[in-house]
Every structure is written in C-alpha cells, then in structure tokens.
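Following: one structure in structure tokens, then a few remarks.
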Amino acid sequence: MLKSKTFVKKTRSGGVMKIVREHYLRDDIWCGSEVCTGCKQESTVLQKDACIESNLCSYPHYLIPDTNVVLHQIDVLEDPVIRNVIILQTVLQEVRHRSAPIYKRVKDMIHEKEKHFYTFTNEHHRETFIEREPGETANDRNDRAIRVSAKWYSQHLKPFEADTEGLKVVLLTNDLRNKQTAEESGFRMSSATVFIISGEEYIKSLIANPELVDRLALSNDEKVTNEITSSKLLYPEHLPLSRIQAGIKSGSFLQGTFRASRDNYLEATVFVQGEGEDGTEVLLQGLQNLNRAVHQDVVAVQLLPRNQWVAPSSVVLQDEGAAKDDNVDEEEEENTLKESATESVRKPTGKVVGIIKRNWRPFCGMLNVSQIKESTRHLFTPADRRIPRIRIETRQAATLAGQRIMVAIDGWPKDSRYPNGHFVRSLGSAGEKETEEEVLLLEHDVPHQAFSQAVLSFLPKMPWAITPEEMAKRMDLRHLTVCSVDPPGCTDIDDALHCRELENGNLEVGVHIADVSHFIRPGNALDKEAANRGTTVYLCGKRIDMVPELLSSNLCSLRSNVERLAFSCIWEMNHKAEILSTKFTKSIINSKASLTYAEAQMRIDDTSMNDEITTSLRGLNKLAKILKRQRIEKGALTLSSLEVRFHMDSETHDPIELQTKELMETNSMVEEFMLLANISVAQKIYDEFSECALLRKHPAPPPSNYDILLKAAKSKNVEIHTDSAKALADSLDGARVKDFPYFNTLLRILATRCMMQAVYFCSGMDSDFHHYGLASPIYTHFTSPIRRYADIIVHRLLAVAIGADSTYADLMDKHKQSALCNNLNYRHKMAQYAQRSSVAFHTQLFFKSRGILNEEGFVLFVRKNAIIVLIPKFGLEGTVFFDSKDKTAPNIVFDEEGPTLTVEQHTFHIFDKVKVTISLDASNIQHQKIRMALTEPVIPGVSVPVPDVEPQAKKPKLDR
Amino acid sequence: MAGLELLSDQGYRLDGRKATELRKVQARMGVFAQADGSAYLEQGNTRALAVVYGPHEMRGSRSRTLHDRAAINCQYSMATFSTAERKRRPHGDRKSTEMSLHLKQTFEAAIMTQLYPRSQIDIYVKILQSDGGNYSVCVNAATLAVIDAGIPMRDYVCACSVGFVDETPLADLCYAEESVSSLSVALLPRGGQIALLQMDARLHQDHLEALMEAAMTACKGVSKVLDEVVRQHLQEAAVLNVCP
Ligand SMILES: [Zn+2]
C-alpha cells in the first residue's frame with residue numbers, strides 16, 4: 001500500500017506551538033507529458049506538439065509560470081493561445097493563499113481540456129521536494145522549489161528532445177532576483193537547459209497575438225521607471241501584515257470592509273464587525289486617509305483622536321475631468337469637505353493604515369482617451385462610481401474610445417494618484433442596449449452565460465411524459481378546476497389555484513406549485529448551476545433564467561390543458577377562512593386556464609359568468625379578502641413602492657410607453673394564498689427539521705431608521721408610531737392630510753425605505769425567526785421554485801417531511817445550508833440592483849425620444865445641496881441640484897432638524913409639491929442621467945423657465 | 001486566509017498520501033521483560049505503548065469476578081509530553097475513562113475470555129505521542145501486547161479511523177485531518193466482525209456505507225502489517241531459542 005520509503009518531518013512553529021507533521025514523498029507522481037515513456041501514467045495532459053509561436057522560443061516548449069506571473073498575468077494565461085502549462089503545486093498553494101478569485105480561475109483553466117494545463121504535485125515528489133534551509137524565508141524556499149522543479153522537468157524530458165524537435169521547459173518569472181539566482185546557480189550551463197524568461201518579455205514575443213500585450217499587467221519594476229516620479233509621496237506607506245495583526249490584537253487598529261461612497265470620491269466608511277450582530281462604522285475622509293483602499297477591500301483602520309472626528313458630508317463630489325498630475329494636491333476639493341459640524345453628528349473617523357485583503361475584480365467602464373495624441377497611457381473610468389479611476393496602457397485607445405471595456409487593477413503604488421491596471425476585454429459600443437445589458441449583468445455579478453452542455457445533459461429527454469410509476473406515487477388532481485393567474489406574458493408559471501365546496505359545506509382550497517425538485521436532483525451539474533444562480537433575474541424585456549428554458553417555460557410551467565407535476569398544499573377551510581386541516585402532497589394537475597390578473601378580475605366582476613373557473617375564482621377572492629383583513633389586524637404592513645412598466649415596441653424593443661404598475665384585487669388574491677402556503681410550509685418543515693429548515697426572516701428595523709419618516713410626517717402635523725409593526729400600520733392608515741390625497745402613498749414609500757432587507761437563513765443557525773413586514777412568526781419561500789433556488793430546497797425538505805423523497809447529506813448540514821443562504825441573499829440583492837439599473841436605463845431610453853418634459857412631483861428627501869423629487873406619473877426619482885460650479889451659487893441654508901433647505905427666499909420641505917423639467921443628459925455617455933431642473937416654484941436665478949423650445953446649453957457638471 | 005486543503009484535486013492529502021493509504025506502521029513486540037506481554041507501535045507520528053498482565057487471579061474487590069469468563073481491565077493514559085502543548089493529564093479524567101471503556105469493550109469482544117473464568121486480564125496503554133487516531137493506535141498496540149502475552153484471541157483486532165472529505169473517504173486520519181466528520185472501527189478482519197464502531201460527528205446516512213467500506217479495507221490493511229510484525233517477532237524468538 002505504502003509507496004513512500006523516506007519521510008521528512010516538517011516543523012511549523014507559530015508562537016510556542018510546535019507542530020510536527022509527517023510528509024510522505026512519493027515516486028509515483030508522473031510528469032503528465034505525452035512524450036515521456038518513463039512515467040507509468042494512465043493519461044497525459046501536456047501535448048507532444050507544444051507550439052506557441054514566439055520570437056524568443058522557436059522550439060516547442062512547456063511553460064512553468066511562477067506565483068507572481070500567475071497572480072498578475074492571469075488575463076493573459078486565460079487566452080486560448082496559451083497552452084501546455086505546468087502549474088506547480090507550490091504555485092497553486094501560494095495563489096490559493098493570496099487570492100481566492102484567481103485561484104478559482106486557475107482551477108477552471110486546469111479543468112479545461114483544451115488548455116492542457118497540468119498540475120505537478122512537486123511538494124510530494126521525492127526528487128523535487130526541498131526542505132527550507134536555515135535562514136531562508138518561506139518565499140525564497142518556494143522560489144527555489146519552483147526552480148528545482150523546472151530543472152527536474154528539463155532533465156526528465158531531456159532524453160526525448162530528439163523526437164520532439166527540441167522540446168524545452170521555459171520558466172516564466174517576473175522576479176528579477178529569482179531570475180538572477182536561477183542564472184547564477186548555473187541553470188543555463190547545466191546539461192539540462194531551462195530557459196528563464198520574464199512574463200512580459202515572453203508575452204511580447206508572441207507572434208500570433210500582438211493585442212495580448214494590452215492585457216499584460218504592469219510589473220512593479222516597470223511602474224517605477226514609467227511613473228512620473230515625484231519626490232513627494234502621495235500616500236502614506238501601508239503597514240506590513242505582521243504589524244497590522246499585532247495592532248488588531250492590541251486594539252489599536254480595527255479590521256473591516258472598506259465601502260466607498262457612491263456620491264463622494266473623497267469619502268468612505270469601514271464597517272467593523274463587532275461582537276455578535278452589531279458592528280460599528282468608521283468614517284474616512286480625504287485621499288490620504290482613504291490611502292489607496294478600493295471598495296470592498298478588507299482593511300485595517302486607525303481611529304483619529306476625538307477632536308479630529310468629522311461628520312459625513314452630504315455633498316456630492318465626482319472625480320472628473322482630465323487626469324490629475326500625481327503631485328497636484330486636492331486641497332481645494334478636500335477643503336469643501338471640512339466644515340465645522342456639531343458634536344452630535346460627528347462620527348468615529350479614522351484612516352487606513354494597511355490592506356489586509358484586496359478584493360479587486362475586473363471592472364466595467366470606459367476609457368477617457370488622453371489628450372496627448374501619442375500617449376499610450378489613459379485613464380479608465382469605472383461604471384461603478386465607488387471604484388477609483390484606473391490608469392491603463394493601451395495602443396488601441398482610438399478603437400476603445402466609445403466602447404465599454406473591462407479593466408483589471410494591477411497595483412497602486414504610493415506615489416501614484418491612480419491605481420494602475422490593464423485592459424481585459426471589450427464589451428461593445430456604449431449606449432447600445434446589448435452592451436449596456438452586458439455591463440449591468442457583469443457589474444451586478446449576475447451569472448448569465450448560456451447553460452453548459454454538462455448542465456443541459458441533466459434535462460429530461462423529449463418527448464417527455466409522466467410515467468405510470470410516477471402516476472402511481474402521486475395524487476391525481478387532474479379532475480379539479482385548477483387555474484393560474486399571472487401577469488400578462490408570463491411563461492414561467494409557478495403556481496396554480498383551485499377552490500371548491502366540499503359535501504360538508506366547507507371549502508377546499510389548493511395551491512399547486514410546479515414540482516421543480518422532481519426534475520432537478522441534488523448535487524448534479526444542473527442543481528449546482530441553479531444553486532449558484534440563485535434566482536431568475538428579470539430585466540426590462542429580458543429574463544435571465546435560473547434553470548434552462550425547457551424546464552422554466554415548458555415542463556415545470558403549469559400551463560393550461562397539459563398534465564403537469566405539482567407539489568400541492570391543500571387546506572380545508574370554513575367560510576370564515578379558518579383552516580381546519582392542511583395537507584401536503586405531490587400531485588398531477590391539469591390546469592383549465594392560464595389567466596392574466598385582468599382576465600381573472602373580469603370574470604369575477606362579470607355576474608353573467610358562472611362556469612366552474614369563475615366560481616372557483618370568486619371563492620378564492622372571497623377567502624383572500626378575509627385572510628388579508630386578518631393579516632392586517634395582526635399588524636402586517638402594506639407598504640408602497642412605485643413600480644413602472646414599459647410597453648415595448650415589438651420590433652425595436654424600445655420602450656414606447658411608461659406606466660406605473662397598477663394593482664388589482666386579483667393580484668392580492670394570488671398573493672394572499674401564496675403567503676398562506678409559505679407560512680404553512682414553513683411551520684411544517686421547521687417542525688420536522690428544527691436544525692436545518694431554510695426560512696426567511698425580516699428583522700424589525702432599528703428605531704433610528706424611522707427618523708426621517710417621523711420628521712417628514714411631523715412637518716405635516718401627522719404623528720407616526722413605530723413601537724411595533726401594528727402601531728406603524730395603524731398610524732400609516734390614519735395618516736391623511738386634507739387636499740393632499742397622495743400624501744399617504746408618499747408616506748408609505750418613505751416607510752418602505754426605512755425597512756430592513758428580508759433574508760434567508762438556516763433555522764439551526766439563528767434564533768430570531770420573525771417576519772416583521774408580514775407579522776408572521778415564521779415564514780419561508782415555497783411558491784416559486786422555477787425562479788428561486790430557496791424554494792427548491794424548501795420543496796426538498798417538505799418532500800422528505802411527507803415521505804415523498806429521501807434526504808441527502810448537504811440538505812441536513814446546517815453549515816452548508818447557511819453558506820447557501822448567504823449566496824442566495826447575495827444573488828437576490830444583486831438581482832434587485834440589476835433590475836433597478838435596467839429600469840433606469842430604459843427610463844433614459846424613453847426620455848431620450850421625448851425631449852424635455854415638464855411634470856409635477858413631490859420632494860421626497862432634502863439634502864444639503866439638493867432636493868430629491870419623485871414624479872408619480874413615471875415612478876421616477878431624480879435630484880435637483882442648487883449649487884453648480886459654472887453659476888454663481890445661490891444662497892443655500894440647510895436645516896438638519898426639519899429637514900428643510902432654504903434656497904434664496906424659498907424653503908423646501910419634504911412632501912412639497914414642485915414642478916420640474918425632465919430631460920436626458922447624455923453629456924457623459926457612460927453615466928447618462930435623467931436631469932431635473934426646477935420650474936415651479938419660481939426662484940429667480942435658480943429655477944428654469946417652462947420649456948417650450950429646445951433645451952438650453954447643458955450643464956456638464958454636478959448632476960446625478 | 002484560506003483553510004487547509006485536506007485533499008487536492010490531484011488526490012493527494014496534506015502529508016502526501018492518497019485517500020486510501022495508511023500511515024507507515026512500525027511495531028515491536030516484547031519490549032518489556034517483566035510484563036506478561038508488551039508492544040510498542042508507531043502509526044505515523046502517533047506512538048503508543050501497551051502492556052498486558054494476566055490472566056491472573058482477581059485482585060482488589062472480588063465482587064467483579066465473573067464466573068464464566070475472565071474480566072478485562074483496561075487503562076488508557078496520555079503522556080504529558082504527547083501533544084504540542086505540554087499538559088498535565090490527571091488519571092481518570094473523563095476522556096481517558098471513556099477511552100478505557102472503549103478499549104475494554106473492544107477486547108472483551110476479541111479475547112476468548114471464557115477460557116479463563118474467575119480471572120482477570122489487565123491491559124495498560126499509554127499514548128507517548130499523539131497525532132490523530134489515538135484509539136486505533138491503542139487498539140493495534142494492545143493487540144500485539146495481548147498476542148505477546150500468549151492470550152488466545154478470536155482474531156487480531158485491528159482499528160483504523162476514516163474521515164469524509166469532498167465525497168471521498170480518507171483512511172487513517174492524522175491530527176490535522178481529524179476536523180472532518182470521522183468514525184473509528186475496530187475489526188476482526190477474518191470474519192469481518194466489528195468489535196467497536198465509534199462516531200461523534202454527524203454524518204448523512206448516504207455516506208455511511210462508503211465510509212464503512214473504506215474503514216474495513218483500512219483495518220484489513222492494518223491487520224496485514226500486524227501479522228507481519230508478529231511473524232517477524234516469532235522468527236526472531238525462534239532463532240533465539242534455537243541457538244542461545
Ligand atoms: Zn515522465
């Protein structure tokens with residue numbers, strides 16, 4: 001059994017602990033090359049004909065990149081041109097410790113057959129393992145291990161050189177010292193020749209792909225020489241990790257996630273996780289204190305002395321214009337931040353002293369082509385405003401201008417105003433719908449590639465039919481008058497309903513949900529893909545499915561007049577909507593009609609119709625009203641947010657009409673039964689699996705969240721109580737102002753903004769299950785398995801609970817489930833953001849063709865230099881700024897307490913009615929925005945005249 | 001920092017073994033002349049010493065006397081220097097009491113106790129160095145000691161731990177690998193009877209079969225090594241007896 005003969009003890013000491021580990025060295029690790037006849041390997045990865053056309057290497061060769069080359073040149077390594085690469089275990093381990101995303105990308109490449117990447121387990125190989133020598137650092141040892149392995153390969157393949165037109169091994173290293181050491185140690189002179197080439201030289205030498213050079217990351221040495229070096233260091237030095245760790249331990253530094261401000265590039269917060277749930281936020285202001293941290297990095301911060309604490313500014317500042325020289329100070333702009341704030345609003349303020357973990361990803365954005373014509377160095381502006389501008393080097397600036405591109409950050413030296421990066425790929429012309437959609441999907445990390453062959457292989461074979469065995473296991477409900485009610489154009493029908501009178505006079509109500517878990521079996525590629533996607537993402541006019549279309553729009557979709565598998569929840573209720581019994585069963589249904597909300601409403605209202613479907617709907621509607629009343633009596637909130645819908649032109653897919661979604665009785669009818677099913681299922685799976693039920697909770701917001709709502713209501717002499725959900729619901733119901741019918745809706749919109757996000761969680765990992773908004777002690781998602789992965793898990797749990805399916809390991813593992821919940825919560829949040837961005841983009845398209853409009857709106861928020869206005873007609877929110885740089889600023893006074901904003905003589909309160917012009921500002925193609933300007937009330941020098949002609953000259957700056 | 005990768009994509013574990021490979025086992029029998037039987041066993045970095053006295057008359061309280069078979073008395077302990085952290089380990093703490101009990105149960109199943117009614121067999125095991133799989137190493141060492149004492153057993157009793165990582169069972173866990181859900185099996189390999197099965201962690205039943213399979217194979221592997229040790233020992237003893 002045991003192959004190894006020798007073994008070496010490795011000693012790792014940290015603190016006073018001495019850890020002794022065994023290390024078995026093996027003789028049975030093969031080289032993975034096709035040409036080798038000495039190794040007894042079953043399959044080979046590296047090809048005999050390993051040709052990459054390069055000026056430097058005219059012979060076939062295998063590449064061995066060192067850790068830094070992998071970390072920095074990953075974009076190049078991913079190019080299809082690069083093949084036959086040996087990834088050493090040492091390198092892989094170092095990459096794993098330094099960057100999780102890159103590690104994943106390397107692993108993906110290794111799995112890709114066409115790339116011919118081979119992992120050589122050099123640390124366990126008897127001839128390539130080396131011990132750390134006294135006085136040698138871990139890094140040096142690893143570098144040496146890489147050199148030893150490269151040499152081993154070279155020697156190992158030497159005998160076959162003749163048959164392979166001189167196959168050689170090329171070590172790629174950017175580290176000059178490593179290269180020198182390698183050369184000194186007689187690498188070239190030894191009988192086995194290893195060629196050592198720096199990563200950049202090698203890539204530059206590639207004949208086939210000159211554009212690869214653009215993707216080359218700048219190495220540290222090059223940066224030093226290329227940079228406009230100024231004697232003045234722009235940023236303080238980052239502390240080494242050891243000192244950071246010591247500082248965190250002693251409490252002098254805090255560790256947290258860096259969150260840049262969207263509105264102000266000179267401001268950020270660091271969220272420091274505290275004991276348990278709560279955490280604190282540390283405010284950072286000014287480039288020096290931000291100290292090269294990028295959004296989402298994990299950083300160490302040091303608090304400033306109390307007397308230097310500041311308040312978050314409500315000023316909006318964008319880093320715009322031409323590249324600033326590295327030594328130009330930003331004092332002017334930074335000064336605008338500094339103002340005396342009252343003691344109460346000051347927040348803990350600090351500065352970044354070191355970076356614990358970078359969280360850089362490729363960013364979408366656009367190139368600001370340098371004004372110097374010959375320059376190859378340009379600034380790149382990311383679409384995400386929280387990301388700083390990045391300096392990149394490219395020879396294709398002319399082609400890339402006007403395109404959306406992706407750029408990766410390579411590093412941020414302390415003497416450089418901007419981080420350095422390199423071009424990754426182009427996404428297409430800016431402003432085009434396909435490009436913009438791609439950008440918003442990428443920016444919100446929505447997986448949107450076509451489903452892979454592996455995933456599709458787990459789909460049922462067509463033609464599909466229900467087998468007799470399946471039939472025997474399920475309850476046959478085909479005779480019931482089941483129908484579905486959905487928005488128009490819905491093809492992924494998750495749910496269907498029925499209601500009928502029983503012989504004993506009670507009512508039987510059934511909610512039938514698509515049985516997706518029948519088709520998606522745990523652990524296969526299809527399941528993994530769905531779990532990763534987490535949710536279907538709905539953009540305007542486009543849907544990114546969580547599961548392949550065959551399932552989402554056909555086999556799982558509960559369409560009318562076809563037999564479909566369902567998971568049914570059936571209640572017996574009396575006419576007071578009291579539940580007498582609940583039954584869950586897998587079933588077969590045959591829906592009699594797929595209706596839209598409007599069609600269902602029409603049937604209910606039309607007294608001449610008395611067919612079975614209509615009676616069923618009326619029964620449902622009657623019960624739903626009772627259920628809703630009961631729910632509201634218990635304190636459930638009915639909040640409001642304006643949702644808009646676009647009517648798309650069927651050919652151009654451009655929005656031609658914009659409309660706020662209207663709600664009908666039937667909307668709430670369906671919703672009511674879905675809530676009921678979800679609550680019933682939640683209770684059932686929790687009873688059965690107290691440790692691993694997947695539930696959904698909605699925490700009560702902290703009281704301070706309500707401040708703005710209370711202030712706003714008070715300004716209209718309305719009192720809102722927020723001590724409980726019930727009190728809030730009741731006081732919102734009672735909040736009316738004479739001659740202001742829209743007031744209540746506005747208040748509800750504001751209340752919605754005060755709420756917390758509802759989240760999925762695993763019952764074994766939490767104790768607070770309460771759903772605040774629904775006023776339910778327990779809740780989960782069961783009713784939309786086609787478009788939400790959480791529902792699939794809940795289906796599986798419920799199926800086990802009723803004995804219809806068996807468990808599997810991950811389902812019963814609360815830690816794995818908790819990790820899944822985290823992913824689902826993240827995906828849902830991102831999907832929501834993506835959806836909002838899509839609406840915003842389509843709103844812009846809509847206004848593009850409309851010219852300038854003059855509309856009525858209401859002030860929703862008051863800011864220090866602006867008001868935020870809601871236009872109910874379009875469900876559109878925009879900002880009206882009062883201080884623009886090219887005009888003499890009007891006299892503005894902001895009162896925190898109101899909050900009110902006085903511009904010249906006029907004072908704005910929340911909920912004030914105003915009139916604004918709406919137009920599209922396309923001056924910045926990357927951030928096209930809806931621009932609003934005040935027309936009413938008329939404030940001389942501030943408001944604009946009511947438009948009747950063409951718009952006047954654009955204001956380029958300071959618009960959102 | 002990323003945690004330890006217990007099993008690489010290439011199928012190698014932290015210490016270079018493949019999933020089903022055991023650590024190197026080395027053992028010596030008859031290390032002490034005074035005792036009736038003794039053995040020293042190394043399984044990787046875990047080292048144990050086992051000493052057997054008996055069968056002899058019941059000592060101490062007579063009430064424990066069994067009239068149809070021998071009573072087995074096991075005592076397990078750990079040397080203060082056996083782990084990375086030097087710790088004073090008082091006798092009879094809960095962990096060692098439990099381990100003693102497990103050993104007792106194991107050997108009651110393996111030793112032919114009915115041959116020695118009203119007598120007692122003492123088995124003392126000490127862990128000298130600990131690097132995972134303490135129970136298994138104790139069982140294996142004690143088996144050799146019992147054989148050295150010439151006490152008849154139904155079969156060798158061999159023990160091994162197995163763990164479950166990335167859908168793969170790992171045999172003979174070292175300390176760093178013991179964080180995963182694992183089980184220990186003591187097996188009488190010839191008949192395939194299980195003398196003791198112990199598992200503290202949660203494991204889904206779907207995985208149990210695969211894990212048991214791996215454990216049995218591993219135990220059989222251990223038994224082969226032990227068998228060799230015994231034969232070697234006998235040969236040496238025979239040589240000594242022939243030409244003194
Ligand atoms: Zn070979």
Side-chain angles (χ1 to χ4, degrees), chain A residues 1-26 28-30 32 87 89 92-93 95-100 103 107 110-111 118-121 123-126 129 241 356-357 522-523 691-692 806-815, chain B residues 1-5 8-26 42-47 81-86 129-132 160 164 166-167 171-177 181 201-208 210-211 217-218 220-225:
Chain A
M1 284 282 304
L2 205 59
K3 279 258 165 51
S4 63
K5 303 289 182 283
T6 22
F7 73 91
V8 181
K9 271 173 244 157
K10 268 207 288 195
T11 314
R12 230 181 41 167
S13 46
V16 284
M17 287 276 272
K18 179 173 159 199
I19 296 165
V20 181
R21 277 209 198 130
E22 274 190 302
H23 197 133
Y24 292 87
L25 299 178
R26 319 183 61 104
D28 61 347
I29 296 171
W30 315 128
I87 302 286
Q89 185 195 6
L92 201 60
Q93 277 171 354
V95 169
R96 182 166 180 268
H97 283 292
R98 304 243 310 254
S99 164
Y103 177 67
K107 279 184 68 154
I110 292 169
H111 287 143
Y118 179 69
T119 321
F120 181 63
T121 312
E123 296 285 0
H124 296 320
H125 194 288
R126 195 149 65 90
F129 172 76
L241 207 57
I356 294 164
K357 190 168 179 294
E691 281 291 292
C692 56
S806 54
T807 63
Y808 59 98
D810 288 2
L811 190 67
M812 298 290 123
D813 186 330
K814 63 177 180 181
H815 298 283
Chain B
M1 279 299 238
L4 289 172
E5 188 183 45
S8 75
D9 282 357
Q10 290 69 45
Y12 297 106
R13 291 157 67 174
L14 288 173
D15 53 9
R17 285 184 288 158
K18 290 199 169 167
T20 57
E21 287 174 350
L22 303 175
R23 290 179 286 180
K24 192 180 176 79
V25 180
Q26 280 181 315
E42 286 181 19
Q43 198 160 338
N45 273 331
T46 305
R47 286 156 198 197
F81 49 81
S82 60
T83 50
E85 212 176 341
R86 193 184 163 91
Q129 186 172 304
S130 162
D131 184 24
C160 197
F164 202 70
D166 298 338
E167 312 287 300
D172 195 9
L173 305 178
C174 68
Y175 181 72
E177 293 169 331
S181 53
R202 286 163 66 106
L203 181 82
H204 196 268
Q205 61 175 24
D206 290 3
H207 300 322
L208 189 61
L211 210 52
T217 318
K220 284 176 189 158
V222 173
S223 99
K224 245 182 240 160
V225 181

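Below, chain A is the first sequence line, B the second, and so on; all start at residue 1. Keep in mind that this is a model prediction, so the values were computed, not measured.
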So which of Gln129(B), Arg13(B), Glu167(B), Lys18(B) has the biggest tally of heavy-atom pairs under 4.5 Å with chain A? Lys18(B)
What part of His125(A) gets within 4.5 angstrom of chain B, counting heavy atoms only: side chain, backbone, both, or neither? neither
Checking heavy atoms, do the side chain of Lys224(B), its backbone, both or neither come under 4.5 Å from chain A? neither
Report the C-alpha separation of Leu22(B) and Val222(B) in whole Å, then their side-chain angles, then the decisive distance to 0.1 Å, and conclude whether the side chain to side chain contact (heavy atoms under 4.5 Å, CB included) test is met. CA-CA 8 Å; Leu22(B) 303 175; Val222(B) 173; 3.9 Å; yes
Treating Arg26(A) as the side-chain partner and Gly16(B) as the backbone partner, does any N or O pair qualify as donor plus acceptor under 3.5 Å? yes
Which atoms of Ile29(A) approach chain B - backbone, side chain, both or neither, heavy atom under 4.5 Å: both
Please state whether the side chain, the backbone, both or neither of Thr119(A) comes within less than 4.5 Å of a heavy atom of chain B. both
Side-chain donor/acceptor of Asp206(B) to backbone N/O of Tyr808(A), under 3.5 Å: no
Check whether Ser806(A) gets within reach of chain B through its side chain, its backbone, both or neither, counting any heavy atom under 4.5 Å. neither
Set out, in order, the CA-CA distance, both residues' side-chain angles and the distance that settles side chain to side chain contact (heavy atoms under 4.5 Å, CB included) for Leu811(A) and His204(B), then state yes or no. CA-CA 9 Å; Leu811(A) 190 67; His204(B) 196 268; over 6 Å; no
Looking only at heavy atoms and a cut-off of under 4.5 Å, which of Lys107(A), Gln89(A), Gln93(A), Arg98(A) has the most pairs with chain B? Lys107(A)
Other residues, nucleotides, ligands: >12 heavy atoms within 6.0 Å of Tyr175(B) OH: no
Please report the C-alpha distance between His124(A) and His23(A) in whole Å, then the side-chain angles of each, then the deciding distance to 0.1 Å, and finally whether the side chain to side chain contact (heavy atoms under 4.5 Å, CB included) criterion is met. CA-CA 8 Å; His124(A) 296 320; His23(A) 197 133; 3.1 Å; yes
